[in-house]
Amino acid sequence: MHFFDAWSELPPFDLVRLLAPLGFLALGTLLPGGRVARVAALGVAAGVPFLRELAAPYWVVAGWTVLWVFVGWRSGSDRESAPRPLSATRSVLESGTVGLLLGLLLVALLLAAVARQDMSPEDGRRASYGAALLGLGLLHLMLRRHLRRSALGFAGLGLGLQVLNGAARGAEVQGMTSGGGGVLLATVFSIALATRIAGGRERHAGTAWVGDAHDLHD
């Protein structure tokens with residue numbers, strides 16, 4: 001009950017600033033299409049400056065905002081819809097269903113683990129919020145089969161880790177003395193690597209859909 005009370009006691013503005021980025025990320029995770037990914041990423045970028053839960057220096061918050069704008073520019077490419085994946089539609093549906101179920105189960109387990117802890121309302125909100133962002137990032141990587149779209153999933157993972165990093169620093173966990181820039185740099189590296197691989201596959205194989213490599217032959 002304390003977990004639900006921690007969220008229900010928030011004023012409307014705080015609920016909106018917290019749930020809006022989460023909703024945009026969920027939109028980009030559950031719906032296909034490059035334009036949807038672009039709208040979702042830009043929506044998260046607009047909400048990042050209002051996330052006090054990041055508990056990071058201004059340059060880290062600015063870095064996350066710029067990163068999400070970049071993700072919207074790159075992952076929202078129309079190349080995702082042409083050409084279509086070579087894999088059979090039935091296998092895509094089956095893998096998507098399994099990924100959705102596993103992802104939702106993982107998000108539920110993360111939130112349940114946080115809810116069981118004896119935390120203050122502020123700590124409980126921050127931990128559950130970071131876990132939700134983390135879970136949606138993982139869910140995106142399970143569901144969306146395009147390499148360029150994976151940038152959205154990695155960005156969600158990184159943002160969730162940044163929130164958890166800020167919560168840990170606020171609790172004065174030993175060893176958490178940095179400003180959280182390492183999480184941002186690791187996320188930038190992951191997105192840059194995924195984007196580079198996607199560009200290479202589009203140039204040389206004509207497709208960046210995950211799974212098509214099994215269907216391509218020399």
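Residue numbers start at 1 and run along the sequence shown.
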Checklist entry - Is V60 reachable from V66 through a run of hydrophobic residues whose side-chain heavy atoms are each under 4.5 Å from the next? => result no
Checklist entry - For V71 and A155, which heavy atoms make the closest approach, and how far apart are they? => result CG2-CB, 4.1 Å
Checklist outcome for this item: Tightest non-hydrogen contact, residues P21 and G47, listed as CG-CA, 4.1 Å
Next on the checklist: Can you tell me how far apart CG (L42) and OG1 (T65) are? Round to the nearest 0.5 Å.
Outcome noted: 11.5 Å
Next on the checklist: Please find the pair of heavy atoms, one from W68 and one from A41, that lie closest to each other, and give the distance.
Outcome noted: O-CB, 3.7 Å
Checklist entry - Of all heavy-atom pairs between G181 and W59, which one has the smallest distance, and what is that distance? => result CA-CH2, 3.9 Å
Checklist entry - Do Y129 and L51 have side chains that get closer than 4.5 Å, going by heavy atoms? => result yes
Checklist entry - Between W64 and V188, is any pair of side-chain heavy atoms under 4.5 Å apart? => result no
Checklist entry - Where do R38 and G72 come nearest, in terms of heavy atoms and distance? => result NE-O, 3.2 Å
Item to check | Cluster check V16, F13: I/L/V/M/F/W/Y, side chain < 4.5 angstrom | outcome: no
Next on the checklist: Working to the nearest 0.5 angstrom, can you tell me the gap between L67 CG and I191 CD1?
Outcome noted: 4.0 Å
Next on the checklist: Between L10 and R125, is there a side-chain heavy-atom distance shorter than 4.5 Å?
Outcome noted: yes
Item to check | For the student: nearest non-hydrogen atoms of G28 and H140, plus distance | outcome: O-CD2, 3.5 Å
Checklist outcome for this item: Rounded to the nearest 0.5 Å, the OG atom of S150 sits from the CG atom of L157 at a distance of 10.5 Å
Item to check | From CG (L22) to CG (L159), nearest 0.5 Å | outcome: 9.5 Å
Checklist entry - Are V48 and V69 linked, directly or through other ILVMFWY residues, by side chains that come within less than 4.5 angstrom of each other? => result no
Next on the checklist: Starting from L152, can I reach F70 by hopping between I/L/V/M/F/W/Y residues whose side chains sit under 4.5 Å apart?
Outcome noted: yes
Checklist entry - Can you tell me how far the CG atom of L161 sits from the OG1 atom of T187, to the nearest 0.5 Å? => result 7.0 Å
Checklist entry - Same cluster for L30 and L138 if Ile/Leu/Val/Met/Phe/Trp/Tyr side chains link at under 4.5 Å? => result yes
Checklist entry - Residues in side-chain contact (heavy atoms from CB on, under 4.5 Å) with V39, at least two apart? => result F24
Checklist entry - Hey, mind stepping through V36 and L27 against side chain to side chain contact (heavy atoms under 4.5 Å, CB included) and telling me if it holds? => result CA-CA 7 Å; V36 172; L27 179 73; 4.2 Å; yes
Checklist entry - Are N165 and L54 side-chain neighbours, meaning at least one heavy-atom pair lies under 4.5 Å? => result no
Next on the checklist: Does anything in residues 15-34 form a side-chain hydrogen bond (donor to acceptor under 3.5 Å, both in side chains)? List the pairs, not counting sequence neighbours.
Outcome noted: D14-R17, R17-E53
Item to check | Any donor-acceptor N/O pair, R126 side chain to L164 backbone, under 3.5 Å | outcome: no
